[in-house]
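Notes for the one structure printed next.
In what follows, every heavy atom counts, from backbone to side chain, and hydrogens, waters and symmetry copies are set aside. Letters go in sequence order (proteins before strands), and every chain restarts at 1.
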Amino acid sequence: MITPTDMRTEFARTAAFLLDEDPRTAVVLADISSDLFAESARRHPDRALNVGIREPLMLSVAGGLSLAGLRPIAHSYTPFLVERSFEQIKLDIGHQDARVVLVSVGASYDETQAGRTHQAPGDVALLDTLPGFAVHVPGHPDEVPALLRYAVAGDRSAYIRLSNRTNAAARPAAVTADGRIDVVRRGSRALVLAVGPMLDPVLAATAGLDVTVGYAATVRPLDLAAVRELAGTGAPGNAADVVLVEPYLAGTSVRLVDEALADRPHRTLALGVGRTEVRRYGTPEEHDVVHGLDPAGLRRSIDGFLSQNTA
Amino acid sequence: MNTTTGIRGYDDLPRLLTKLTGDEKHSLSAHSTLDVLWVLYDRVLHVSPATVDDPARDRFLLSKGHGPAAFYAVLAAKGFFPEKWLEEWASFGSPLGHHPDRVLVPGAEISSGSLGHGLPLGVGVALGLRAQDLTDTRVVVLVGDAELDEGTNHEAIAYAGATGLDNLTVVVVDNQSATHGWPGGIAERFSVNGWFTQVVDGRDHAVLETALTKRTPGSPDVVVAVVEPSSPHRGKK
């Protein structure tokens, strides 16, 4: 779905406002997106920083800015932000008790033609190995400003995962400060939880199915109270079946859903990006098919899951 | 000498180090960083137990977190925490580990242990101070000559030099322990990126004080403090 604006543009626009509004805000770049911050760099040369193509330094600098009392935002392409310098995130942010907002672009495979080097489906799972990070996965460019403002206004570290893949419409109810799950549709046979840009494919896949569809743009913390409320009780005829559809590594959030439903018999189906290296180029839509994340693939998986239901 | 309260001096350090190591006759020369640390805290840095939370305090970042006995001894001597903490260090109940944790140790500006993090963090702290117009505040980072092997240092050296980050000082304690050495000298690695460089005797307090108090407007500066060679610690992590 092509929209008139895009998530990166909305991020840069909002970050520029934040630099103007709050002298504690800082942005640290490693060349990527520096063109979008040229005006900010002129207005705030001490707080709109570009360290060059040095992602480890970008993250350490963000940690140091936080130690000096600022509220830094570090931004780059997903693999260079999260994977290239993971020890910098672990030590120079987490272990220092520094607080940084990380904003990525590229998602799991926005750039299929660029190949594996520019793809990072494991980013959220990797950050899950650390304590303390909030994780926001907007599904529409119009959801980005509120999520960024919320993350920057807070005092914890946060990760905002931007993508070119978007839903047709924003869901404002899901980008409120408490990060609650927005109930898009109600049904009885299962809860299908769509994260960020997976909502539209999920709605297409579940057309005509008697399921609840929930939408989450914030996954850490995940709104587990809503999961408990929207899932069935597990009693005969009221199955506690949950289908998680995440735009990153399949199964990333299944641990949390299982813990939330530990008091009742339940089943979970974890859909998302597979671990296989695809070694193909082409379009993101073609890769959706490989991972079973296109509407037809999702429908097959969900039908199979529901047909196994013996509750 | 007052062993429980009040001002302690350089001559107290052997006694404090003995608390940490248990060695009866402790040789100060076993600690490559000791004289640099003492001169910094005794004569150079504007930071004290009373100002550990002052936004304008000078920041000292011990990047080389390995073997922090000298650091702990100096902090204890200067009253940042009780001498008693030095006993039973690295035990479960002690705030003092074999690598320092800034959350646990009063006066420790960073947690260190993994090499190559202190200098890039120090660049961030220096930028943060500059953005808040705290221009009289200095950031001093101590690294080892072997620690310079880590590539992250070179990202920081290049960037700090290019941007003239003149509130940043690096002290390289050079005990010639880098596995492949630094042909042409350590100072050259910094000077090509526009740093002001000084190479001094890392045991001479007067010389260290002069070098470490010098400010160099427009460029960051490095003091290479040369001490006697250590046995190489290849394979040690």
*Kindly determine whether L127(B) and D46(A) satisfy side chain to side chain contact (heavy atoms under 4.5 Å, CB included), including the steps that lead there.*
CA-CA 7 Å; L127(B) 289 164; D46(A) 289 343; over 6 Å; no

Flag the one option from [options] with the top tally of heavy-atom pairs under 4.5 Å to chain A.
options: P120(B), A162(B), G128(B); answer: P120(B)
options: L61(B), I110(B), L119(B), V103(B); answer: I110(B)
options: S111(B), G116(B), P55(B); answer: S111(B)

*Residues E87(A) and H117(B): side-chain donor-acceptor under 3.5 angstrom*: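 Present: a donor and an acceptor within the cut-off.
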
Which bit of [X] comes within less than 4.5 Å of chain A, counting heavy atoms only: side chain, backbone, both or neither?
X: T152(B); answer: side chain
X: R130(B); answer: both
X: Q132(B); answer: side chain

Does a side-chain heavy-atom distance below 4.5 Å link [X] with [Y]?
X: Y159(B); Y: L49(A); answer: yes
X: H95(A); Y: D101(B); answer: yes
X: L67(A); Y: E109(B); answer: no

*asked:* Quick check: under 4.5 Å, non-hydrogen atoms only, which of residues 112-131 of chain A neighbour chain B?
replied: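 So no residue qualifies.
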
*Do any of residues 16-41 of chain A have a heavy atom less than 4.5 Å from a heavy atom of chain B, and if so, which, in residue order?*
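When heavy atoms of chain B are the reference, residues 16-41 of chain A contributes no residue within the under-4.5 Å range.
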
If you draw a 6.0 Å radius around [atom1] in [X], do more than 12 non-hydrogen atoms from other residues or ligands fall strictly inside?
X: D53(B); atom1: CG; answer: no
X: L104(B); atom1: CG; answer: yes
X: H98(B); atom1: NE2; answer: yes

_Part of L65(A) lying under 4.5 Å from any heavy atom of chain B_ =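 It is both, since atoms from each part get that close.
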
*Pick whichever of L59(A), D97(A), D92(A) has the most heavy-atom pairs under 4.5 Å with chain B.*
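Top count of heavy-atom pairs under 4.5 Å with chain B: D92(A).
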
*Do you know the tightest heavy-atom contact between G63(A) and L121(B)?*
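Minimum heavy-atom contact is C-CD2, 3.9 Å.
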
_Could you check whether any side-chain N or O of E155(B) sits under 3.5 Å from a backbone N or O of L57(A), counting only pairs where one atom can act as donor and the other as acceptor?_
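Side chain of E155(B) to backbone of L57(A): a pair is present.
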
